[in-house]
2 protein chains.
Amino acid sequence: MKLLLAEDDKQLVEFLRPRLQRSGYTVEWSNNGIDAEFMALEENFDGIILDLGLPQKPGLEVLKNWREHHLTTPVLILTARDSWQERVDGLKAGADDYLGKPFHFEELSARLEAILRRHFGQLDNSLDFEGLTLDTEGQTVTSATGETHQLTAIEFRLLRHFMLNPNKIISKTELSEQIYEEEQLKDSNVIEVYINRLRTLLGKSWIKTFRGQGYRLSAP
Amino acid sequence: MKLLLAEDDKQLVEFLRPRLQRSGYTVEWSNNGIDAEFMALEENFDGIILDLGLPQKPGLEVLKNWREHHLTTPVLILTARDSWQERVDGLKAGADDYLGKPFHFEELSARLEAILRRHFGQLDNSLDFEGLTLDTEGQTVTSATGETHQLTAIEFRLLRHFMLNPNKIISKTELSEQIYEEEQLKDSNVIEVYINRLRTLLGKSWIKTFRGQGYRLSAP
DNA sequence: TATCAACCTGAAAATACCCTGATATACAAT
DNA sequence: ATTGTATATCAGGGTATTTTCAGGTTGATA
């Protein structure tokens, strides 16, 4: 899950970023409206946190522009104060939810997860596929046989992406884009290594290799 | 599915090409208007992505010329920015859809598939023909008897082309063009070998040989 | 029915890609 | 600092896919 955090208050960014990462998100960051607008159109984010008070280009305009481009990524807007007007405008422009500053991280996290769940069709904090259950809060996976494993950050991100796209061949490029913030490393076999780890956790046959194409999660 | 990507921004090409290929397209590329115009008239593309800001010959003229030659291939144009005028001109000149830069690959993919579907009738996650079902996301084929087989990259491309053109005789040249970017099939019998392989997977009688002409997919 | 080109097919060879255990590095916690 | 855990790198062996090859089969034509 890759998030775009469009916020110019550096202190707030430094507060949010590590917490979001710990929650299992990959976080990219932009401190102005123009960059934010561009990045969201270029890259493949799963969710966006957008401060309406961004410099260079007002958040509202950025948001409108995204929606005109048919970008459906869920957007949570941060409004500077209890400006009722701003929130209404934001929702009209296509925001999925809003949050007034200041806020507690827990509240942001809850609202964010809510709009992400809504968008990806999840009802609760777990993803299920053919007997596999991924607890997205505790970052654990339970296999059909009942074994539960605690996942590391990268294992979790990988597996979640598989479980959000079951029975679909996913390329290594796509996987590494889900996991890393910056551009991908050319000749590295990290993905292969983690596929290997997931296989030892879940059992060999859940993830099938398609040479030259990618990997697919399917029933064993 | 063979696409022509007419775009001079090398970075964008390097971004798009692998993603398109991963989506199952064969991608040929041209970095200027003159070559693009020629290639589209010479070769048999299923779709064209045309940047209007090409060097040597403006994309709009290229497009007009194609349509005057009665080339009906679906064309998706890329406009440099939010130029309303350019888009209107593009559609007037015979484009099927437009997309303003920058854009999100998912959006391009969606629009591309939309215009291809409009043109070819069907193109979603599964192709069906007389009981055969090809899952284009998971790259599996299910025969009438219920057996499901996983396909390798080449098997998949071949079979998809057959299922997009059922009951039609397809020459070996055309088939190899679907598989390889540059066409060069001198003294090789790869196609024959893979036809053989498909027959063992589906059953002998699905693919019929027409000596000197090609092969045809039809009900057994 | 003889001939020849086109096609079929099993298997081996070539290749590209992947797996995996060992090791090194980064990072966090105590 | 020290320890422990997570992540990244590396290299060599392993394997599926793709290509080639060679001998057999088929069908059109005269």
Side-chain angles (χ1 to χ4, degrees), chain A residues 17-19 21-26 139-141 149-159 169-217, chain B residues 18 21-22 24 26 139-141 149-159 169-217:
Chain A
R17 200 198 249 260
R19 283 171 177 76
Q21 286 170 336
R22 225 166 297 139
S23 304
Y25 300 106
T26 313
Q139 307 198 352
T140 61
V141 63
H149 295 279
Q150 181 66 237
L151 301 174
T152 70
I154 291 192
E155 291 163 4
F156 173 69
R157 292 180 196 177
L158 260 188
L159 183 55
I169 296 179
I170 306 168
S171 71
K172 287 198 274 200
T173 320
E174 186 177 339
L175 291 173
S176 74
E177 277 170 5
Q178 286 293 321
I179 291 175
Y180 300 104
E181 331 232 310
E182 304 299 325
E183 283 307 306
Q184 73 265 16
L185 342 166
K186 289 256 172 173
D187 51 340
S188 157
N189 67 341
V190 229
I191 301 295
E192 291 164 31
V193 170
Y194 275 97
I195 292 287
N196 185 25
R197 282 197 60 64
L198 283 181
R199 279 177 176 154
T200 64
L201 288 175
L202 307 177
K204 276 248 174 238
S205 47
W206 280 96
I207 298 175
K208 189 164 189 321
T209 304
F210 287 77
R211 292 202 160 216
Q213 302 171 84
Y215 299 91
R216 189 185 70 188
L217 176 72
Chain B
Q21 287 170 338
R22 224 172 298 134
T26 312
Q139 297 197 176
T140 61
V141 63
H149 296 281
Q150 291 155 1
L151 302 174
T152 69
I154 291 191
E155 291 163 5
F156 174 71
R157 289 192 194 171
L158 262 188
L159 182 55
I169 297 179
I170 305 166
S171 71
K172 285 201 275 200
T173 321
E174 187 176 341
L175 289 174
S176 76
E177 277 172 10
Q178 292 295 321
I179 293 176
Y180 306 102
E181 312 268 311
E182 307 297 331
E183 69 167 286
Q184 44 166 6
L185 183 64
K186 289 189 175 172
D187 53 343
S188 161
N189 66 342
V190 226
I191 300 295
E192 290 163 29
V193 170
Y194 274 98
I195 293 288
N196 181 31
R197 179 124 189 77
L198 282 181
R199 280 177 175 154
T200 65
L201 287 176
L202 306 177
K204 276 251 173 235
S205 45
W206 280 96
I207 299 175
K208 194 168 185 318
T209 303
F210 290 79
R211 285 200 149 227
Q213 302 175 76
Y215 300 91
R216 189 184 70 186
L217 177 72

Look at all strands and tell whether [X] reaches a base, only sugar-phosphate, or nothing, counting heavy atoms closer than 4.0 Å.
X: A:K208; value: nothing
X: A:R199; value: sugar-phosphate
X: B:Y215; value: sugar-phosphate

Quick one: [X] [atom1] to [N] [atom2], roughly how many Å, whole number?
X: B:Y194; N: C:dG10; atom1: OH; atom2: P; value: 16 Å
X: B:Q213; N: D:dT26; atom1: CD; atom2: P; value: 20 Å
X: B:F210; N: D:dG27; atom1: CZ; atom2: P; value: 13 Å
X: B:L198; N: C:dC8; atom1: CG; atom2: C1'; value: 14 Å
X: A:N196; N: D:dA11; atom1: CG; atom2: P; value: 18 Å
X: B:I179; N: D:dT19; atom1: CD1; atom2: C1'; value: 12 Å
X: A:I191; N: D:dC10; atom1: CD1; atom2: P; value: 16 Å
X: A:K172; N: C:dA16; atom1: NZ; atom2: C1'; value: 11 Å

[X] side chain, from C-beta outward: closest of [options]:
X: B:I154; options: D:dT26, C:dC18, D:dT18; result: D:dT18
X: A:V193; options: D:dT7, C:dG21, D:dT19; result: C:dG21
X: A:R211; options: D:dT7, D:dA8, D:dT17; result: D:dT17
X: A:N189; options: C:dA16, C:dC8, D:dC10; result: D:dC10
X: A:K204; options: C:dT20, D:dT7, D:dA16; result: C:dT20

* Under 6.0 Å from the CZ atom of B:R197, do we count more than 12 heavy atoms belonging to anything else shown? ->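 Not buried by this count: 12 neighbours or fewer within 6.0 Å.
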* To do: Between A:E192 and A:R197, name the one whose nearest nucleotide on DNA chain D is closer to the 5' end.
  => A:R197
* Mind running side-chain contact (heavy atoms from CB on, under 4.5 Å) on A:Q213 and B:Q139 for me, showing each step along the way? => CA-CA 10 Å; A:Q213 302 171 84; B:Q139 297 197 176; 2.6 Å; yes
Side-chain N or O of [X] closer than 4.0 Å to phosphate OP1/OP2 of [N]:
X: A:T152; N: D:dT5; answer: no
X: A:S188; N: D:dT9; answer: yes
X: A:T209; N: C:dC17; answer: no

* Asked: Going through the checks in order, is the side-chain contact (heavy atoms from CB on, under 4.5 Å) test met by B:R199 and B:T209?
  -> CA-CA 11 Å; B:R199 280 177 175 154; B:T209 303; 2.7 Å; yes
* **Check against side-chain contact (heavy atoms from CB on, under 4.5 Å), A:I179 and A:I191** => CA-CA 10 Å; A:I179 291 175; A:I191 301 295; 4.2 Å; yes
* Decide side-chain contact (heavy atoms from CB on, under 4.5 Å) for B:L201 and B:L159; before the verdict, give the C-alpha distance in whole Å, the side-chain angles of both, and the deciding distance to 0.1 Å. => CA-CA 11 Å; B:L201 287 176; B:L159 182 55; over 6 Å; no
